[in-house]
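These notes concern the structure reproduced below.
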Amino acid sequence: MTYEEQVKLFEQYKELVTPPERKEKELLPPLPNAVEGRVVTRFAPNPDFVIHLGNARPAILSHEYARKYKGRFILRFEDTDPRTKTPIKEVYDLIKEDLKWLDIRWDEEYIQSLRMEVFYEIAKELIKKNGAYVDTCELEESKKLIKEGIGCPTRENPVSWQLEHFEKMIEGYYGEGEAVLRVKTDLKHPDISVRDWVAFRIIDTGKHLHPLVGDKYVAWPTYNFAVSVDDHLMGITHILRGKEHTQNATKQMFLFNHMGWKYPTAIHFGRVHFEGFIMSKSKIRELISKEPNRFWGYEDPRFGTLRGLRRRGILPQAIKQLILEVGIKGTDTRITYTNLAAINRKILDEKAHRIMFVYEPQEYTIVTDVPLESKVPIHPSSEKTRVYTIKPRDKICINKSDSNSKVVRLLGLGNFMVEGDKLRYIGSDISIVKEHRVPIIQWVPCTQNVNVSVYRPSGLDLLVQKGYSELGILDYKVDDKLQFIRYGFVRVDQITDNEIKVVFAHE
RNA sequence: GCCGCGGUAGUAUAGCUCGGCCAAGUAUGCGGGCCUUUCGAGCCCGUGACCCGGGUUCAAAUCCCGGCCGCGGCACCA
């Protein structure tokens, strides 16, 4: 049948065909294998650094899905490496603050370093199931044997031997590198890192004190072991994490199979590149320790940490919306600040009060016969205004770049002719402004104003722009977000006796 | 090198499971206009994409094969 014939036929029987409804678009796609009321997700950060935009993705998505399906959301600190990823005592709380700021509430909270006995017990069970062995070969020898598909000869020792030697590991009989517990996997697995992966290793906590448990333990579970055990014990049904973990799922599966556990549904999404922002933990740590005077710690607005973004005036709702839009795709995403700013602006515009701010002041004398009263609304949709009285011969400042026009309208005050260093009042009829496209500009009295410094992050630099704002800015407090008219959105950062410091958010 | 995942406008995302409602939707960006006592917001118009090549089919962004490109992993890190 040709296409034309089909169309003809279709027209004939049109009424009999009900077109399928277009699926309704939800912000989040449905979660595979999800049953309402039974979804359990978790966010599992290492408390060695605060949350940045990249970590916010698993945090927000895990939380959001748990809520969507009326399930549970668990916060779990994964702090089982006091040697190379040393947890920081203060950071446990900083992370919790970051999450609360994002409006993420967790139903349960765990810290892995406080669960060591659990890990030891499960390890022993695993050994009894012949699923693990103590490897006492030299590290290089071990690696070589695994590569050859054989493994350390102790692999074949009886369970009793394994239990005995694992006990010795826990008791501190071995020093660093002298013994590890390995999970028995496929010694022919194409990915060598999957072959008999390490479940426990010795860390000399006398040298590398753990911030919570000090030197109490020397046999520490690796990430893959601790994650597997906890994901099972805590009843996690869905794991949402970055794709750097895809291979870990393969490794963990062996442990789950040994133990007869069911592996959760795992979703791995791509990496988040935040253009123009530093997100690397090590890089940020290096910068703040090397140049403590130049950077404001974790909160520096030049960093992609949540704290940095907060200090810039980015709202948590904007971050959440951005992450939900990005979703759970496996591809990497390049997020730009412009994108985040667009969302932020939309939210901020409705509530940020307006303030007049002049940064390249040009002084003018007002020429008028009678005193003028200006009324500028604190927000375009607000009845509330700020009132200033301008008397004849008062001096006001406008931006130099605004002074090119022959006629200007000073916002809230009226229309003026520009005559040399004088501004002659010519009435306040708005219609001539529309008719002649007269620029409507912001202004401040030269004598009565407030010193303002605007901090503008620009790559690794922090530019400072000084200027004056109307007195109305004194009504606000630290962390308030304002819109400087015809300039951009800012966040009040610091108020001192002679100056207000604000951080520039975006236009 | 080996193993795995993925490629829709500048960016992000929808559609791909079940081929035709897709001459590809949405947001942002960019250009223009309207409105407006802010160059903001809002409204309107425009701009711009299915990685490439084969195959299957009346019909392919969607299925199959090959190539190319990108990303992740290859630790006694998480």
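Side chains included, hydrogens not; waters and symmetry mates left out as well; all remaining heavy atoms used. Order of the sequence lines sets the chain letters (A, B, ...), proteins ahead of strands, with each chain counted from 1.
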Assign [X] to base, sugar-phosphate, or nothing according to its heavy-atom contacts below 4.0 angstrom with the strands shown.
| X | value |
| --- | --- |
| A:G330 | nothing |
| A:P380 | base |
| A:D332 | sugar-phosphate |
| A:H268 | nothing |

field: Carboxylate-amine/guanidinium proximity below 4.0 Å for A:D231 and A:R42
entry: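 The answer is yes: the pair qualifies as a salt bridge.
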
message: I'd like to know if A:D480 pairs up with A:R491 as an ion pair, taking the criterion as any Lys NZ or Arg NE/NH1/NH2 lying under 4.0 Å from an Asp or Glu carboxylate oxygen.
response: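 So A:D480 does not pair with A:R491 through a salt bridge.
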
A:R76 charged N/C atom sitting above A:Y110 aromatic ring, 6.0 Å / 45°: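 Because its charged atom misses either the 6.0 Å distance or the 45° angle limit, A:R76 does not stack over A:Y110.
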
- request: Measure from the side-chain heavy atoms of A:T331 and tell me the nearest of B:C76, B:G6, B:G29.
  value: B:G6

message: Nearest to the A:R201 side chain among B:C76, B:G29, B:U13, which nucleotide is it?
response: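 Closest nucleotide among those given: B:C76.
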
- prompt: With under 30° as parallel and over 60° as perpendicular, where do the rings of A:Y263 and A:F256 fit, or are they tilted in between?
  reply: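 Geometry flag for A:F256 against A:Y263: perpendicular rings.
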
Bracket notation of RNA chain B in which parentheses pair within the strand, [ ] cross earlier pairs, and | pairs with another strand (Watson-Crick or G-U, under 3.5 Å): (((((((..((((......[....))))((((((.......))))))...(((((..]....))))))))))))....

- request: Step through it carefully: locate the ring centre of A:H245, locate the ring centre of A:F269, and say whether they are under 6.0 Å apart.
  value: no

